[in-house]
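Read through the structure below, which is laid out as structure tokens, and then see the notes.
By convention in this document, chain letters (A, B, ...) are assigned in the order of the sequence lines, proteins followed by strands, and residues within each chain are numbered from 1.
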Number of protein chains: 2
Amino acid sequence: MNNTSPMIYLVDDDERILIALKRLLVSAGYHVQPYQSAEDFLTMHDPDAPGCAVVDVDLPGMDGFGIQDALWSRHHARPIIFMTGCGDIPTTVRAMKAGAVDFLTKPVDAASLFAAIEQALKRDQDGRQKALQRRLVEQRLASLTPREREVFGCVVAGQLNKQIAAELGTVEKTIKVHRGRMMEKMCVRTVADLVRLAAVAEV
Amino acid sequence: MNNTSPMIYLVDDDERILIALKRLLVSAGYHVQPYQSAEDFLTMHDPDAPGCAVVDVDLPGMDGFGIQDALWSRHHARPIIFMTGCGDIPTTVRAMKAGAVDFLTKPVDAASLFAAIEQALKRDQDGRQKALQRRLVEQRLASLTPREREVFGCVVAGQLNKQIAAELGTVEKTIKVHRGRMMEKMCVRTVADLVRLAAVAEV
DNA sequence: GACGGCATTGGACCCAAGGTCAATTACAAC
DNA sequence: GTTGTAATTGACCTTGGGTCCAATGCCGTC
């Protein structure tokens, strides 16, 4: 699906640092997209492209946390690595609690940065994988008729056709038909597979 | 199971702080167990009692991370809240990455401490709940004969009895018997329930 | 050697799941 | 009014799942 190589989104208001870090990362083989402000990053980056963000928390205007919140509220789960020149412990804790991959102090140590980026890219990859599966299941669920949707829930709950019929106020034969069509639309052949699909969607 | 009220394990080498914090927590209605060293805590605390630990990272001898590692290697997932008088950002990041609930700076703010403790107790509760379920499932799995165990795997995978029979080199009738006994031992009546149990055990 | 647990199998039987063929009803859109 | 989709139901048949009773062979323990 997304086999484009991952992008590192660099956000720092200090142009010298931006240039230096970009050079470092490019020389290590990464694709880099630099931004001088949170606003630039948020409006210009492609949220569907794989990759991670390396962000200075102390930005003028919207700061690093603003980026984190903005991405979160848009359901963009892009992993973030923070950098700071003058951060304190409460700030660090807040960032990590909010899901930051790492919180690095300037001057940034190259080895730490690379390690954090690798971890962030892996997290991004995993997240994308899960989101993809989830979207697939939700797409299939959306193709169900209301009745089929109800039957889906009952089957996942382990109910027998006759029990489902009683619950939905109809007869077993009707349920069998709905159930058959539902299984086909969900692209599964066994109840075991269906339960696993349901688990992907719900959790 | 564990309806004893949760215990707060306090670990700090400074006796004055230990006393002050204990007083604060007791007055807030918590049960508190103070220790002056990591070693004392590790040898004397009850790992099966619900609760969380509030630990000074800068302990003489084994430090706070030592506690974290020791608990981890013993598979005791007790949530830890760290305190520090002179910590830095890398230390904070390390602690949070290792799963600390919070990382507080001394002097500890009461409101922050209470918030962290509530979060830690909730995490402990959730962890215990999951561990309990998991142990229950593993116990049931352990009661299966080797053959039943194999059939379990195939059923969860969604295979038909005849397919299972072919895979295990026997006939459908035999599988039916194993399958029936397996379902009874696992205390489930439907495949849907069985798949959910399997999910609890594997993840 | 007797005993118990385990794996295996056969036969009879019942219930559940799913498919075929056919038909009816309701509602919304064109 | 016609068309399409969704929901519904019936009779009939096949396959799959599950249970009861009964029996056999293997293996390790007492």
Nearest-angstrom distance from the residue atom [atom1] of [X] to [atom2] of [N]:
{"X": "B/I164", "N": "D/dG16", "atom1": "CD1", "atom2": "C1'", "result": "12 Å"}
{"X": "B/M182", "N": "C/dA7", "atom1": "CE", "atom2": "C1'", "result": "16 Å"}
{"X": "B/M183", "N": "C/dC15", "atom1": "CE", "atom2": "P", "result": "19 Å"}
{"X": "B/E184", "N": "D/dG18", "atom1": "CD", "atom2": "C1'", "result": "12 Å"}
{"X": "B/R181", "N": "C/dC6", "atom1": "CZ", "atom2": "C1'", "result": "8 Å"}
{"X": "A/I175", "N": "D/dT8", "atom1": "CD1", "atom2": "P", "result": "7 Å"}
{"X": "A/K162", "N": "C/dG18", "atom1": "NZ", "atom2": "C1'", "result": "15 Å"}
{"X": "B/E172", "N": "C/dA7", "atom1": "CD", "atom2": "P", "result": "19 Å"}

Considering just the side-chain nitrogens and oxygens of [X], establish if one lies under 4.0 Å of OP1 or OP2 belonging to [N].
{"X": "A/K176", "N": "C/dA16", "result": "no"}
{"X": "B/N161", "N": "D/dG16", "result": "no"}
{"X": "B/K173", "N": "C/dG11", "result": "no"}

*Are the side chain of B/R78 and the backbone of B/G51 linked by a donor-acceptor contact shorter than 3.5 Å?*
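Yes, because the side chain of B/R78 sits within donor-acceptor range (under 3.5 Å) of the backbone of B/G51.
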*Any donor and acceptor pair, going by atom type alone, linking the side chain of B/R196 with main-chain N or O of A/V195 inside 3.5 Å?*
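Not confirmed, B/R196 side chain does not pair with A/V195 backbone.
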*Give, ordered by number, those residues of residues 145-156 of chain B having at least one heavy-atom distance below 4.0 Å to an atom of DNA chain C; if nothing qualifies, reply none.*
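Going residue by residue through residues 145-156 of chain B, the ones with a heavy atom under 4.0 Å of DNA chain C turn out to be B/T145, B/P146, B/R147.
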_Considering every strand and a 4.0 Å limit on heavy-atom distances, what is the contact class for A/R189: base, sugar-phosphate, or nothing?_
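Nothing, no nucleic acid heavy atom in range.
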*Quickly, which of A/D58, A/D56, A/T84 forms a side chain to side chain donor-acceptor pair (under 3.5 Å) with A/K106? Name it, please.*
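Only one of A/D58, A/D56, A/T84 forms a side chain to side chain donor-acceptor pair (under 3.5 Å) with A/K106, namely A/D56.
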Run the salt-bridge test on [X] and [Y] with the 4.0 Å N-O cut-off and return the result as yes or no.
{"X": "B/D126", "Y": "B/K130", "value": "no"}
{"X": "B/E184", "Y": "B/R181", "value": "no"}
{"X": "B/R135", "Y": "B/E138", "value": "no"}

_Using side-chain heavy atoms (C-beta onward) and a distance below 4.5 Å, is B/I89 in contact with A/L104?_
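The answer is no; the side chains never approach within 4.5 Å.
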*Using the closest heavy atom to pick a nucleotide of DNA chain D for each, name whichever of A/K185 or A/G169 lands nearer the 5' end.*
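First, find each residue's nearest nucleotide; the 5'-ward one identifies A/K185.
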*Pairwise 5' ranking along DNA chain C for B/L168 and A/L160, keeping only the more 5' one*: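 So the residue in question is B/L168.
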